[in-house]
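Here the structure is laid out as structure tokens; the discussion comes afterwards.
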Amino acid sequence: MTTELALLLAQDGVATGAIYVLVALGIVLLFLVTRIIFVPFGDLVAYASLSLAALQAGQLPGTIWLVAVLAVLAAVFEAAGLLRAGRLNRLPRALALWLVLPLLPAALALGLAGRDIGDAAQVLLTLALILPIGPLLYRIAFRPIADAPVLVLLIVSVVLHFAISGVALLCFGPDGARPRPLTNAVVDVAGMIFPGQALLILAASLIAGVALYVFFTRSLTGRALRATALNRVGARLVGIRPGVAGVVAFLAAGLLAGLSGILIGPVTTLFYDSGFVLGLKAFVGAIIGGLVSWPGAVLGALFVGQLESFTAFYNSAFKEVVVFAVLVPVLILRSLASPAEDDEEAEEL
Amino acid sequence: MTALLSASGVHAGYGHVEAVRGVSLDVPAGGVVTVIGPNGAGKTTLLAALMGLLPATGHVTYDGADLADLDVEDRVAAGLCLVPEKRELFAEMSVADNLLLGAYAHRRDRAGIARGLDDVYARFPRLAERRAQRAGTLSGGERQMLALGRALMSRPRLLMLDEPSLGLAPLIVREIFHIIAGLCETGVAILLVEQNARAALQSATYGYVLEGGEIALHGPASDLLHDPRVSATYLGGDAH
Ligand SMILES: Nc1ncnc2c1ncn2[C@@H]1O[C@H](COP(=O)(O)OP(=O)(O)OP(=O)(O)O)[C@@H](O)[C@H]1O
Ligand SMILES: [Mg+2]
């Protein structure tokens with residue numbers, strides 16, 4: 001292999017890796033705060049991309065039906081909970097938060113259907129449509145079992161993935177769609193040609209990584225979010241509401257998923273079921289990085305990008321196999337490096 | 001003195017098991033009240049119910065207001081604070097982070113948090129030495145100090161302590177009780193649950209004996225110390 005070819009593959013790997021970084025950050029964020037390994041994260045990315053494509057094509061994005069169903073379910077859950085606790089006086093507030101608020105973007109999309117609202121507004125509307133999905137799923141499926149072991153949460157998460165990717169087939173049909181790129185610029189860095197969109201993805205990944213790292217290690221709110229995963233009772237006893245922490249985490253993750261979809265869609269066509277493999281590869285990256293470390297997730301995801309780019313060159317049929325197979329030696333190495341640490345963590349989380 | 005916390009007819013339990021049955025007690029502002037009793041009497045359950053961690057029936061007022069509508073987090077913000085039997089620290093975080101999180105209810109008051117932190121470090125020099133250490137690696141006594149320190153960071157008006165001397169060496173137990181005495185001088189009211197009945201009754205002004213989920217006996221702590229029923233069962237019969 002010549003140096004030139006290696007550089008080219010590495011460049012391609014960075015572009016692919018940057019995609020995984022955004023998704024891996026979202027997965028780590030949710031795990032750190034809620035202990036949930038959120039398998040449907042990739043599905044949200046697909047929803048975002050397909051929604052933007054639909055908006056750009058002048059169609060009504062099917063996402064609004066998912067949001068509507070989830071909002072109604074969440075409202076029913078809230079009402080039932082308040083009824084059981086004899087706190088019906090809080091019902092109006094609960095309905096405003098769980099029914100009206102999540103449906104606002106959907107109503108907006110419905111009202112604006114078919115009208116040309118410009119690129120920027122389409123992107124914002126897509127983000128607003130994706131944002132409520134995470135918190136609603138959390139409210140419906142995870143909050144009632146927030147104390148369950150990680151494994152139970154994971155199983156629920158897998159079930160949710162199948163449910164919402166099934167709904168995606170209903171909403172968007174079996175065909176993929178590619179939204180327009182945010183920029184068509186091409187940047188020349190020392191003789192290597194970078195498409196502007198790839199640079200946007202890379203920049204967004206790095207900014208998100210740094211921002212999350214600073215927020216979670218420096219701010220009291222970040223520590224409080226983390227604390228709810230470490231010890232729910234302890235968190236409540238110092239006045240942190242684990243339910244609110246979960247919603248905040250899912251909102252932030254939803255923002256990441258929306259951004260990923262908007263940025264990634266124009267680079268790789270996403271189908272209704274593309275999210276799973278995307279999420280799985282990002283998850284491999286996150287695991288390589290230790291699952292609870294921000295720099296780890298960024299580096300792990302970039303590593304997966306490189307791995308994929310180089311194996312694809314030698315034998316594209318094997319590119320997925322290699323990414324998933326590399327998980328085994330990585331996990332063995334990690335457990336050799338710090339066996340005691342891993343045991344303790346498994347017990348606590 | 002008017003009661004800061006006043007509970008009457010409190011029932012609490014786990015599913016169909018009722019572990020606390022019709023308990024009434026008062027904690028005056030700035031006073032130290034102790035609840036003693038055998039294992040399984042329902043002491044921990046009582047504190048959990050007062051804190052809002054467990055569903056409970058009965059009437060509880062705090063500072064004159066009904067507690068029924070407040071959840072745990074609201075009660076913390078109102079100055080009610082529980083140091084639980086299991087401590088519930090954030091094991092993966094440093095001592096300093098645990099303390100900072102204790103002040104979460106006052107997170108906007110940065111200067112106040114810094115002052116509170118200095119205060120806690122002054123009271124527990126051991127914690128200051130270990131501020132960067134992970135809480136999970138602390139010794140039992142240090143962990144108890146951290147739990148107390150974290151509770152103080154929330155600026156409690158009523159501190160509920162569940163067996164603060166549990167599993168500690170006699171010397172440390174004395175240190176802990178010394179600290180408790182120091183705390184009540186600052187005007188914090190304390191509701192103290194203890195196995196170490198003698199030490200508890202010596203530092204309290206009023207005491208309750210809980211047996212089988214019900215108050216079997218109550219009175220000024222000095223009277224209980226010399227009550228034959230208490231000394232036979234809880235003080236090893238050598239009160240005199
Ligand atoms: N989670 C639970 N589920 C069911 N029963 C429980 C639970 N926790 C405690 N109990 C029962 O409630 C009763 C009171 O328990 P509690 O922990 O309040 O006692 P305690 O007075 O604090 O005892 P100790 O001095 O040993 O700490 C006991 O009979 C106990 O078995
Ligand atoms: Mg107990």
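Residues B/T34 and B/E194 have side chains that never bring a donor and an acceptor to within less than 3.5 angstrom of each other.
For B/D74, the parts lying under 4.5 angstrom from a heavy atom of chain A are both the backbone and the side chain. Looking at B/L82, the atoms closer than 4.5 Å to chain A (heavy atoms on both sides) sit in the backbone and in the side chain alike. For chain A, no part of B/A135 is nearby; none of its heavy atoms comes within less than 4.5 Å. Interface residue A/R87: only side-chain heavy atoms are found under 4.5 Å from chain B. The contact between B/L53 and chain A is made entirely by side chain atoms (from C-beta outward), counting heavy-atom distances below 4.5 Å. Heavy atoms of A/A235 lying under 4.5 Å from chain B belong to its backbone as well as its side chain.
Ranked by non-hydrogen atom pairs under 4.5 Å with chain A, the options B/M51, B/R87, B/R75, B/E88 are led by B/E88.
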**OP:** For salt bridge (charged side-chain N to carboxylate O under 4.0 Å, His left out), just list the numbers for B/D109 and B/R155, CA-CA rounded to whole Å, side-chain angles, deciding distance to a tenth of an Å, and then say yes or no.
**Re:** CA-CA 12 Å; B/D109 177 14; B/R155 301 181 204 162; 2.9 Å; yes
Original post:
Which is it for B/D162 and B/K43 under the salt bridge (charged side-chain N to carboxylate O under 4.0 Å, His left out) test, yes or no, and what are the steps along the way?
Top reply: CA-CA 8 Å; B/D162 197 347; B/K43 306 183 294 294; over 6 Å; no
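Taking the six-membered ring for Trp and the full ring otherwise, A/F38 and A/F31 have centroids separated by 6.0 Å or more.
Classification of B/D71 and A/R241 as a salt-bridged pair holds, one side-chain N sitting under 4.0 Å from a carboxylate O. Under the 4.0 Å criterion applied to side-chain N and carboxylate O atoms, A/E78 and A/R139 are assigned as salt-bridge partners.
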